[in-house]
Amino acid sequence: MFEKVLVANRGEIALRIHRACKEMGIRTVAIHSTADSDAMHVRLADEAVCVGPAQARESYLNIPAILSAATITGADAIHPGYGFLSENADFASMVEEHGFTFIGPSPDHIRMMGDKIAAKRAAVETGIPVVPGSDGAVQDTGEALRVARDIGFPVLIKAAAGGGGRGMKVAETEAGLKEAWQLARTEALAAFGNEEVYIEKYLKRPRHIEIQILADLHGNVVHLGERDCSLQRRHQKVLEEAPSPALNWSQRAEIGKIAADAIRKLGYRSVGTIEFLYENGGFYFIEMNTRLQVEHPVTEMICGLDLVREMVRVASGAPLGYTQENLRFSGHAIECRINAEDPDTFLPSPGRVGDYHPPGGLGVRVDSAIYSGYTIPPYYDSMIGKLIVHGANRNECLMRLRRCLEEYVIDGIKSTIPLHQRLVANPDFVNGDYDIHWLEKFVGMK
Ligand code: ADP
C-alpha cells in the first residue's frame, strides 16, 4: 500500500480524497494556488505545496509544478480527483513515467474515451447499445444529409472532441441541417481545436442514467448500479439520485451486466462511469467518464462502499475481494449540488462566508470544504458543496432532504439552496416524473 498520496485537486473533492487516505493510514500532500492558501484541503493535509498563481492554467493544470511537488514530498501516487487533469491522458502517462502511480485508469483508456467517436466504436465492439447515427466522423454536408435521412430527423451534430455540451447542435429538419452543421463545426474548432463531428438521432425526452463500474488489475469487475442525473441546467447536473425512479430491478441488473462485461473486455481498471440516455425502455450510450464523478456519493450511500478507498486499493494492486453477488443496494440517496450562485440568475456569487451551519443527523452527509470566515475565490468552479441524504426508501429520503435544506445556513454569499428547496417541493420531482429538459423549464417557470 502507498505511504503518501498527492491529491492534484482542490475544494471538496481534495478533502474527500484526503479523508479516505487518512482512514487508510496514508499520509497526504495537498497542492494549491496562491488563492487557496487558506483552503481546508491545505489545512488538513499532512503537507502542502504551492504550485502557482490563482489561474488554474498556472497552478492546478501546471503539470511540471505538480510532478515537482510529488518528487520533493516523496509521494508514491497521485489522485487527480475530477475536472482539472483527471481526464488528461498525457498527464496520466507523465505521472507513470516519473515513477508515481496514477490512481485512475490507464492513459490509453483515458485517451480512447476522450475521443467520442473512438469511445462509441469501443462501445459497439463491446456490446453496449448506442444512439443510432453515423459510423464515425461525417466529412461533408452531403454525407450528413444521407445519414440524417437514414436515421430520421431530428438529428444532433456532435463534436468528436466534445465536452461540457459544446459543439452540439440539433437539426430539426433538412432545411436546418446545413446551418446546424456549420455552427457545430465552428464551435468545435473554437472550443477544442478540432472540427470533426458525427451525427446521432436526437432523442426527444430521454433521461440521463449512468452506470458506475469498478475494476481491479486482475480482471475483476463489478457494477454499482445506476444514478439518475436527468436534472440538468445547460448540460450541468444539479441533483442526482440512486436508484433511478425510472428503472426496475431486472432493467438495472441487465444494463449493469452489459456495462460490467464491456469493461472486462476492455481490460479497464479503476472506477468509471458509462453514461446513457434512456428513453422508452431503451438505453443508448453517450460517453464514458474515466474518473471519479462529482455524484459518486449517492452510489456510496446505497452500496456502502467508499469509492475513493476502492480506487486507492486497486491502484496499489489489491484485488476487489468481492463479486457482484456480494453487493447489496440498500435504500435511496439524493445529492444536491450547492453552488455559490444567485438561485434565480445563476450568476456566480463568490465572497466571504459568514455564519455557516450544515445540516446533520441520521443518513446525512455534507461534502464541502467551506467554513465560516472562508473566502470563496472567484477563479474556480462555483460548486461549494454537496448535500447527500440517504433514506430507507425514496419517500423517507425526500422528507429528510427537505428537512436538511431548511436547516442549511450559508450566510454572506448567495447559494442555490433556495432552488433545491423549490425543487424538492415540486410534484413532478416528487413523482420522479422528469427528463433531461425538465429542469430548464422548471427554472424558467418562476
Ligand atoms: P458532453 O461530453 O459535451 O457533455 P454528452 O455526449 O455527454 O456531451 O452529452 C451531453 C448532454 O447532451 C446529454 O446529457 C444530453 O442531455 C444531451 N445529448 C447528448 N446526446 C444526445 C442525443 N443523441 N439526443 C438527445 N440529447 C442528447
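Values reported hereafter were calculated over all heavy atoms of this structure, with side chains retained and with hydrogens, waters and symmetry mates removed.
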Next on the checklist: Does Leu320 form a side-chain contact (heavy atoms from CB on, under 4.5 Å) with Val222? I'd like the steps, not just the answer.
Outcome noted: CA-CA 9 Å; Leu320 282 186; Val222 292; 4.0 Å; yes

Next on the checklist: Quick check against the 3.5 Å criterion: does His235 have a side-chain atom that pairs as donor or acceptor with the backbone of Gly163?
Outcome noted: no

Checklist entry - Taking only residues at least two apart or on different chains, which pairs with a member in residues 78-105 satisfy ring-ring contact (aromatic ring centres under 6.0 Å, His included)? => result Tyr60-Phe84

Item to check | Partner set under ring pair (Phe, Tyr, Trp, His ring centres under 6.0 Å) for His109, not counting sequence neighbours | outcome: Tyr268

Item to check | Any donor-acceptor pair under 3.5 Å from Ser382 side chain to Pro348 backbone | outcome: no

Checklist entry - Does atom NZ of Lys178 have more than 12 heavy-atom neighbours from other groups under 6.0 Å away? => result no

Item to check | Partners passing ring pair (Phe, Tyr, Trp, His ring centres under 6.0 Å) against Trp438 (at least two apart in sequence or in another chain) | outcome: Phe442

Checklist entry - With ring centroids as reference points, do Phe276 and Tyr284 lie under 6.0 angstrom apart? => result no

Checklist entry - Less than 4.5 Å apart, any side-chain heavy atom of Ile213 and any of Leu224? => result no

Checklist outcome for this item: Heavy atoms of Arg252 and Ser244 approach each other most closely as NH2-O, 3.7 Å

Checklist outcome for this item: Contacts of Ser270 meeting side-chain hydrogen bond (donor to acceptor under 3.5 Å, both in side chains) (sequence neighbours excluded), chain-then-number -> none

Next on the checklist: If you define the side chain from C-beta out and look only at heavy atoms, does anything of Val238 sit under 4.5 Å from His420?
Outcome noted: yes

Item to check | Selection residues 85-113 - residue pairs positive for salt bridge (Lys or Arg N to Asp or Glu O under 4.0 Å), sequence neighbours left out | outcome: Glu87-Arg291, Asp90-Arg111, Glu96-Arg269, Asp108-Arg111

Next on the checklist: Strictly distance-based, threshold 3.5 Å: is any side-chain N or O of Glu200 a donor or acceptor partner for the main-chain N or O of Ile157?
Outcome noted: no

Next on the checklist: If we ignore hydrogens and angles and just use 3.5 Å, is the side chain of Asn326 paired with the main-chain N or O of Tyr322 as donor and acceptor?
Outcome noted: no

Checklist entry - For the atom pair CG (Leu362) and CZ (Arg400), what is the distance rounded to the nearest 0.5 Å? => result 4.5 Å

Item to check | Donor-acceptor under 3.5 Å (Glu210 side chain, Asp228 main chain) | outcome: no

Checklist entry - Step by step, would you call Asp381 with Arg10 a salt bridge (Lys or Arg N to Asp or Glu O under 4.0 Å)? => result CA-CA 10 Å; Asp381 191 90; Arg10 66 180 299 282; over 6 Å; no

Item to check | Side-chain donor/acceptor of Asp216 to backbone N/O of Gly219, under 3.5 Å | outcome: yes

Next on the checklist: If we ignore hydrogens and angles and just use 3.5 Å, is the side chain of Ser134 paired with the main-chain N or O of Ile199 as donor and acceptor?
Outcome noted: yes

Checklist entry - Are Ile384 and Ile376 close enough, and set up right, to give a side-chain contact (heavy atoms from CB on, under 4.5 Å), and what steps lead you there? => result CA-CA 8 Å; Ile384 50 168; Ile376 298 163; 3.8 Å; yes

Checklist entry - Any side-chain heavy-atom pair from His332 and Asn393 closer than 4.5 angstrom? => result no

Checklist entry - Within a reach of under 6.0 Å around CD of Glu179, are more than 12 heavy atoms found that belong to other residues, nucleotides or ligands? => result no

Checklist entry - Are side-chain heavy atoms of Thr126 and Asp261 found at a separation under 4.5 Å? => result no

Checklist entry - Are any non-hydrogen side-chain atoms of Ile211 and Thr273 less than 4.5 angstrom apart? => result no

Next on the checklist: Please list all pairs meeting salt bridge (Lys or Arg N to Asp or Glu O under 4.0 Å) that have one or both residues in residues 180-191, counting only residues at least two apart or in different chains.
Outcome noted: Lys169-Glu187, Arg185-Glu195

Item to check | Euclidean distance, Leu15 CG relative to Glu12 CD, rounded to 0.5 Å | outcome: 8.0 Å

Item to check | Flag if over 12 foreign heavy atoms under 6.0 Å of CE, Met1 | outcome: yes

Checklist entry - Taking atom SG of Cys229 and atom CD of Gln236, what is their separation to the nearest 0.5 Å? => result 12.0 Å

Next on the checklist: Rounded to the nearest 0.5 Å, what separates atom CG in Leu247 from atom CZ in Arg207?
Outcome noted: 8.0 Å

Next on the checklist: So, taking the atom named CG in Asn88 and the one named CG in Leu61, what distance separates them when rounded to the nearest 0.5 Å?
Outcome noted: 8.5 Å

Checklist entry - For atom CD of Glu143, is the number of surrounding heavy atoms from other residues, nucleotides or ligands below 6.0 Å larger than 12? => result yes

Checklist entry - Is the Lys NZ or Arg CZ of Arg57 less than 6.0 Å from the centre of Tyr380's six-membered ring, within 45° of the axis? => result no

Checklist entry - Is it true that atom CZ of Arg233 has more than 12 heavy atoms of other residues, nucleotides or ligands lying nearer than 6.0 Å? => result yes

Checklist entry - Got a donor-acceptor contact below 3.5 angstrom from the Lys386 side chain to the Val294 backbone? => result yes

Item to check | Sidechain-backbone polar pair: Ser415 side chain, Ile338 backbone, donor-acceptor under 3.5 Å | outcome: no

Next on the checklist: Between Gln293 and Arg227, is the side-chain contact (heavy atoms from CB on, under 4.5 Å) condition met? List the steps.
Outcome noted: CA-CA 11 Å; Gln293 296 205 218; Arg227 296 183 284 260; 4.0 Å; yes

Item to check | Straight-line distance of Glu325 CD to Thr323 OG1, nearest 0.5 Å | outcome: 4.5 Å

Next on the checklist: Assess the residue pair Ile26 and Glu3 against the criterion (side-chain contact (heavy atoms from CB on, under 4.5 Å)); give the C-alpha distance rounded to whole Å, side-chain angles, the decisive distance to 0.1 Å, and a yes or no.
Outcome noted: CA-CA 5 Å; Ile26 298 170; Glu3 284 180 14; over 6 Å; no

Next on the checklist: Walk me through whether Arg149 and Glu174 qualify under salt bridge (Lys or Arg N to Asp or Glu O under 4.0 Å).
Outcome noted: CA-CA 8 Å; Arg149 279 185 180 152; Glu174 279 195 32; 2.8 Å; yes

Checklist entry - Can any side-chain N or O of His32 pair as donor or acceptor with the backbone N or O of His41 at less than 3.5 Å? => result no

Item to check | salt bridge (Lys or Arg N to Asp or Glu O under 4.0 Å) evaluation trace for Glu275 with Lys237 | outcome: CA-CA 13 Å; Glu275 296 192 335; Lys237 296 164 186 167; 3.0 Å; yes

Checklist entry - side chain to side chain contact (heavy atoms under 4.5 Å, CB included) with Glu226: which of Ile255, Ile209, Val298, Thr299? => result Ile209

Checklist entry - Do the side chains of Leu214 and Val221 get nearer than 4.5 Å, heavy atoms only? => result no

